[in-house]
Amino acid sequence: MSHSEGTDWAGEKGRITKELIARSVPDLPSRYVHLCGPVSLMEAVKKELTELGVPSERVKTEVFGPALGKPVPEPAAVTPPQTPPAGTPVALPTVSFARSHKAAPLPPDKTVLDAADAVGVPIDNSCRVGTCGLCRVKLLSGTVTMAVEDGLEPGDKEKNIVLACQAKAAADVSVEA
Ligand code: FES
């Protein structure tokens with residue numbers, strides 16, 4: 001629980017620590033552990049479990065996102081811009097995917113993840129509602145707005161990390177994907 005302010009949460013606060021696990025689970029090395037959550041959480045907890053003596057074969061994980069080797073879906077059509085009144089210039093923002101050397105139109109009602117899907121740029125994702133954090137990507141240029149930011153990690157904003165499933169823009173942007 002990292003954002004308990006303003007809630008009636010009365011349980012443990014902060015990240016899952018070795019001390020919390022050891023205090024909460026008797027006979028830990030003989031237990032099976034089932035882990036599910038954002039990748040960064042699972043990696044941190046797996047390290048802690050190892051340090052607490054839990055054999056790796058007793059740690060089972062479930063990862064959000066596409067299965068390994070899953071083919072990239074066929075690009076879907078991007079919603080074309082509305083036809084403007086005669087004589088009105090309309091410049092639709094563009095999102096550039098730096099690593100993939102691709103770009104896509106970014107209409108105001110579409111997210112960076114929608115645009116990535118449309119041109120076949122793979123960005124891991126699962127919930128698509130801003131909570132799992134799997135779609136975190138680095139914003140290289142431009143500005144985005146995000147309706148939900150729950151999936152961001154502390155410090156992400158300072159590093160220009162955004163949630164692709166939430167990121168919308170009114171002008172050109174570029175992301176590391
Ligand atoms: S897909 Fe879960 S936060 Fe974006």
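First listed ligand is number 1; within each ligand, the first listed atom is number 1.
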Keeping the roles fixed (side chain from K159, backbone from K138), state whether a donor-acceptor pair exists under 3.5 Å.
-> no
Using modelled atom types only, decide if a donor and an acceptor are shared between the side chain of S100 and the backbone of K102 within a distance under 3.5 Å.
-> no
Shortest non-hydrogen contact between T143 and L139, atoms and distance = CA-CD2, 4.4 Å
Could you pull out all donor-acceptor pairs under 3.5 Å where a side-chain atom in residues 164-173 meets a protein atom, sequence neighbours excluded?
unit_1	atom_1	unit_2	atom_2	d
Q166	OE1	V148	N	3.1
D172	OD1	T94	N	2.8

What pairs meet the salt bridge (Lys or Arg N to Asp or Glu O under 4.0 Å) rule with one or both residues in residues 35-48, with sequence neighbours excluded?
-> E43-K46, K47-E51
At a cut-off of 2.8 Å, protein N/O/S around atom 2 (Fe) of ligand 1 gives C127 SG, C132 SG
The complete set of side-chain hydrogen bond (donor to acceptor under 3.5 Å, both in side chains) pairs with one or both residues in residues 20-38, sequence neighbours excluded, reads E12-R23
